There are 2 protein chains.
Amino acid sequence: MANHHALETLVQALRVLPGVGVKSAQRMAFHLLQHDRAAAQRLSAALLHAVNRVGHCQCCNTFTEEAVCPTCSDTRRDRALLCVVETPADQDALERTGAYQGLFFVLMGKLSPLDGVGPKDIGIKALFDRVDALAPDGQTEVREVILATNFTAEGETTAHVITQGLKDRGIRITRLARGVPVGSELEYVDLGTIAHALVDRR
Amino acid sequence: MANHHALETLVQALRVLPGVGVKSAQRMAFHLLQHDRAAAQRLSAALLHAVNRVGHCQCCNTFTEEAVCPTCSDTRRDRALLCVVETPADQDALERTGAYQGLFFVLMGKLSPLDGVGPKDIGIKALFDRVDALAPDGQTEVREVILATNFTAEGETTAHVITQGLKDRGIRITRLARGVPVGSELEYVDLGTIAHALVDRR
């Protein structure tokens, strides 16, 4: 699409989206300009609005438009429990279970030395400050940190680094249980998962 | 990501992009807000700029910021040849071959009755007007229409409808040759293609 400056700029701008190559970006630009210019305008406004309005919760580090997000402001939640997740999507998944009533801390990433992501690039320091924060009675609020980072190499590394950083504080540090997924047949479950399920049997 | 209004709006707005579901949209929003807010602002501006500036070439119907696109304005091109393609990306592919010096007409779509796309929804009427347009000498300029719609059911239907509409005008109507792709081994070429290559042998 040479010689079309505004179009070329749009295609390049769309390529910053994760998973979008030049072909997809061209298809997206074509779709928006040919079939849905109103949607393109809405997307433009939504991007600008989000960039200007969305910041990080002072308490749990997730995206929010307020200083403290609605979850952290909710007084019905158990403030002694702090569940550490990688992303807001992971927090969502835990919330949807309805099985957790404590608070969260969202790292907004995971340690990934190969990609140059170290402890300073994700919210690990902020997590330690959060754990050390004092309640009005002068005691630390958090009694248990539940590590719910993903069960990938990077998620495990992140969990390990957090465990090391939080030891000697007298706080319980737990990890989500590994085991056989609900509804699955043993024959098709990978061996590492079965081994963990054996060790963690109850 | 409940309770985050600006974020929720952004995720919904991203879902209008072709091939983007809710998971991809959430990943895109997370990436932009966490890692590249400058890119989000650039994308917002590029969308608005393109919507406001990009229109259709009066001559060939492709996207352009001018009344007549640079290709149609190019006086070195052979104005007797008109190659009909579905999209600007198809035009690009033909241009990159360097083997074609005529003009183009871009339908900006294909006939697709199952999706409710009829002749009025794509540039077929504009194509007929273009073919009938008179040059300064009072003669029609176009001597040959080359149908380069895709070799899919919809592309073939589109080519057929155009052929019917243009007959009795004394214009040569041709179709891109079907045959065995360059560099391919017969063993792995589909039978329909081999059959066409046999019929069209030269």
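Residue numbering restarts at 1 for every chain, and letters A, B, ... go by the order of the sequence lines. For clarity, every value in this text was computed on a predicted model and none was experimentally measured.
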### Query
Under a 4.5 Å heavy-atom cutoff, which of A:H49, A:Q34, A:Q41 has the most pairs with chain B?
A:Q34
### Task
Look at B:G55, B:G109, B:A50 and state which one has the largest set of heavy-atom pairs under 4.5 Å with chain A.
B:A50
#### Entry: Test item: B:R53 side-chain N/O and B:T64 main-chain N/O as donor-acceptor pair under 3.5 Å
no
### Query
Counting heavy-atom pairs under 4.5 Å to chain B, which of A:V51, A:T87, A:V16, A:N52 comes out on top?
A:V51
### Query
Do A:R175 and A:T149 have side-chain atoms, one donor and one acceptor, less than 3.5 Å apart?
yes
### Message
Just by distance, no angles: are the side chains of B:S44 and A:S44 close enough, under 3.5 Å, to form a donor-acceptor pair?
### Response
yes
#### Entry: For chain B, the option from A:E95, A:H56, A:Q91 that forms the most heavy-atom pairs under 4.5 Å
A:H56
### Task
Assign the ring pair A:H35 / A:H31 to parallel, tilted or perpendicular, where the plane angle (0 to 90°) is split at 30° and 60°.
tilted
### Task
Below 4.5 Å from any heavy atom of chain B, which atoms of A:L32 appear? Answer side chain, backbone, both or neither.
side chain
### Message
Please give me the minimum heavy-atom distance between A:T71 and A:F104, naming the atom from each residue.
### Response
CG2-CD1, 4.2 Å
